[in-house]
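Down below is the structure, laid out as structure tokens.
Note that the numbering runs from 1 along the sequence shown for the chain. Note: hydrogens, waters and symmetry copies are ignored here, and every other heavy atom, side chains too, is used. Remember, it's a predicted structure, so these values are computed and weren't measured experimentally.
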Amino acid sequence: MSTTDLTPDGAITLADRLQLKPAGPGRWRSLHGDANQNGRSYGGQLLGQALRAALMEAPDGRPPTMMQFLFLQGAMPDQPIVFDVKRLQDGKRFTSLHVRGAQGERTVLDAQVSCALPLPGPAHAEVSLAPAGERPEALPTLDDVPPALRDQIALMGGYGRDCNAAIDFRMPDPLRQLDGATARPHFRYWMKVPQALPDNPHLHAAAFAYLSDWWLNYCILAPHLSRAGERGMYIASLNHALWLHAPPRSDRWLHVHAVCAHAAHGRGLAIAQYHDEDGRHIATATQDCLVTHTD
């Protein structure tokens, strides 16, 4: 990437981070890479860019409804990713697309995206667990967490030191949710894009995919924080799935409730529900992770 592409994190918006450049028929090239705590590309950026590439090739009038995503190899944030998109199905109601991302000869991701016409049918939804009247803008940020507590959770996969200027992230009752003596295998938080985004549904969907990776797998580690000083942990995403129940508006507050369904044998599964400020169920996400001791 050029030095223009590598503008410091705080100086560019999320819309900038998700920009892609045409590189041929059905092919798109990334222009920016965000690094995670392991020195690889932040998984949310891969999710957002892959969904953006797929939607560049999708027909109008069919919003995205699902993405199944495999993290195949660690992507390098200082190298561009080339996304190849192919239509697998183009029927009366559904369009399915395949996305493969590569850095040179290395395939780093593989995804399938579905888009569908909205149709009439039965409706019900998971209820939001956000307390009535809770104001996310008044809740603590990660910078408000005491340094000693941040140092404790940083032993668990780098959490606590990982901040991102493209995400406004707020936590209710962080002392209870983050302290090893009281943490449980679930985590509740709010997030949004800090800057207003253009009124582009495809961009908002891609931005939501970017957001959806943020702290999602923390609930896998939370029950083990009391033993954080004994052995450090390494965590990496293996696969990620999104189901979009309604078009997200990513520059407005989204409430997230993430639960670890199971952890064993070096892997953990997180499931999250996303609701907007009005309590509408916007999306569901799952993530399967590698979770193991650093030694």
Heavy-atom side-chain proximity of Met171 to Leu178 below 4.5 angstrom | yes
Path from Met67 to Leu72 over hydrophobic side-chain contacts below 4.5 Å = no
Backbone of Ala116 reached by a side-chain donor or acceptor of Thr65 within 3.5 Å = no
Can you list every salt bridge (charged side-chain N to carboxylate O under 4.0 Å, His left out) pair that touches residues 184-212, not counting sequence neighbours?
-> Glu134-Arg188, Asp199-Arg249
Can you tell me how far CG of Asp173 sits from CD of Gln177, rounded to the nearest 0.5 angstrom?
-> 6.5 Å
Pro136 vs Asp168 side-chain heavy atoms within contact, under 4.5 Å | no
Do any pairs count as a salt bridge (charged side-chain N to carboxylate O under 4.0 Å, His left out) and have a residue in residues 107-116, sequence neighbours left out, and if so which ones?
-> Arg100-Asp110
Checking side-chain contact (heavy atoms from CB on, under 4.5 Å) for the pair Met76/Arg40: CA distance, chi angles, key distance, verdict?
-> CA-CA 5 Å; Met76 307 308 295; Arg40 299 293 187 265; 3.7 Å; yes
Hits for salt bridge (charged side-chain N to carboxylate O under 4.0 Å, His left out) against Arg106, two or more places apart or cross-chain, chain-then-number order -> none
The remaining residues in the hydrophobic cluster of Leu117, counting side-chain heavy-atom contacts under 4.5 Å among Ile, Leu, Val, Met, Phe, Trp and Tyr, are none
Ser250 OG to Leu203 CG distance, which is reported to the nearest 0.5 Å | 8.0 Å
Could you check if a side-chain atom of Gln49 sits within less than 4.5 angstrom of a side-chain atom of Trp28, using non-hydrogen atoms only?
-> no
Are any side-chain N or O atoms of Asp251 and backbone N or O atoms of Leu197, one a donor and one an acceptor, separated by less than 3.5 Å?
-> yes
Let me see the working for Ile167 and Val193 under side-chain contact (heavy atoms from CB on, under 4.5 Å), right down to the final yes or no.
-> CA-CA 5 Å; Ile167 301 174; Val193 179; over 6 Å; no
Do Ile153 and Trp214 belong together in a cluster built from hydrophobic side chains that touch within less than 4.5 Å?
-> yes
Would you say Val85 and Val113 are hydrophobically clustered, going by side-chain heavy atoms of ILVMFWY under 4.5 Å?
-> yes
Inter-residue atom distance Leu70.CG - Thr107.OG1, 0.5 Å rounding | 11.5 Å
Could you tell me which non-hydrogen atom of Pro174 sits nearest to which non-hydrogen atom of Leu149, and how far apart they are?
-> O-CD2, 4.3 Å
Is the shortest heavy-atom distance from the side chain of Cys219 to the side chain of Gln287 under 4.5 Å?
-> no
Can you establish whether the number of heavy atoms outside Arg267 located under 6.0 Å from its atom CZ is more than 12?
-> no
Which residue pairs pass the salt bridge (charged side-chain N to carboxylate O under 4.0 Å, His left out) test with at least one member in residues 52-73, sequence neighbours excluded?
-> Arg62-Asp90
Single hit among Ile81, Leu18, Val82 for side-chain contact (heavy atoms from CB on, under 4.5 Å) with Ser30 | Ile81
Could you tell me whether the side chains of His32 and Gln19 share a donor-acceptor contact shorter than 3.5 Å?
-> no
Can you name the side chain to side chain donor-acceptor pair (under 3.5 Å) partners of His245, sequence neighbours left out?
-> Thr284
What is the distance from atom CG of Asn36 to atom CD1 of Ile235, rounded to the nearest 0.5 Å?
-> 11.0 Å
Pairs touching residues 214-225 that satisfy salt bridge (charged side-chain N to carboxylate O under 4.0 Å, His left out), sequence neighbours left out | none
Could I get the full list of side chain to side chain donor-acceptor pair (under 3.5 Å) partners for Arg135, not counting sequence neighbours?
-> Glu137
Is there a side-chain contact between Pro146 and Leu175 (heavy atoms, below 4.5 Å)?
-> yes
May I have the step-by-step check of side-chain contact (heavy atoms from CB on, under 4.5 Å) for His186 and His257, ending in yes or no?
-> CA-CA 7 Å; His186 48 81; His257 183 244; 4.0 Å; yes
Going through the distances and angles, do Arg170 and Asp144 end up as a salt bridge (charged side-chain N to carboxylate O under 4.0 Å, His left out)?
-> CA-CA 10 Å; Arg170 306 298 179 108; Asp144 297 321; over 6 Å; no
Ring centres of Tyr274 and Phe208 under 6.0 Å apart?
-> yes
Heavy-atom closest pair (Leu211 atom, Tyr42 atom, distance to 0.1 Å) is O-OH, 4.3 Å
Beyond-backbone contact of His293 with Met233, side-chain heavy atoms, under 4.5 angstrom | yes
Side chains of Pro118 and Pro63: closer than 4.5 Å at any heavy-atom pair?
-> yes
Test salt bridge (charged side-chain N to carboxylate O under 4.0 Å, His left out) applied to Arg252 - qualifying residues, sequence neighbours left out = none
Using atom types as modelled and distance alone, determine if a side-chain donor or acceptor of Asp179 lies under 3.5 Å from a backbone N or O of Ala181.
-> yes
Selection residues 49-80 - residue pairs positive for ring-ring contact (aromatic ring centres under 6.0 Å, His included), sequence neighbours left out | Phe69-Phe71
For the ring pair Tyr189 and Trp215, is the centre-to-centre distance below 6.0 Å?
-> no
Taking His204 for the side chain and Pro198 for the main chain, is one N or O donor matched with an acceptor at less than 3.5 Å?
-> yes
Between His281 and Ala125, what is the shortest heavy-atom contact and its length?
-> CB-CB, 3.8 Å
Linking I/L/V/M/F/W/Y whenever any side-chain heavy atoms sit under 4.5 Å apart, do Met56 and Val99 land together?
-> yes
Give the C-alpha distance, both sets of side-chain angles, the deciding distance and a yes or no for side-chain contact (heavy atoms from CB on, under 4.5 Å) between Leu225 and Tyr218.
-> CA-CA 10 Å; Leu225 290 172; Tyr218 173 77; 2.9 Å; yes
Is any side-chain heavy atom of Gln273 closer than 4.5 Å to a side-chain heavy atom of Val127?
-> no
Among all residues two or more places apart in sequence or in another chain, which pass the side chain to side chain donor-acceptor pair (under 3.5 Å) test with Thr286?
-> none
Between atom CG of Asp213 and atom OG of Ser237, what is the distance when rounded to the nearest 0.5 Å?
-> 4.5 Å
By side chain to side chain donor-acceptor pair (under 3.5 Å), which residues pair with Tyr210, not counting sequence neighbours?
-> Arg17, Asp34, Asn164
In one Ile/Leu/Val/Met/Phe/Trp/Tyr side-chain cluster, 4.5 Å: Val256, Phe169 = yes
Heavy atoms of Ala205 and Pro248 approach each other most closely as CA-CG, 4.0 Å
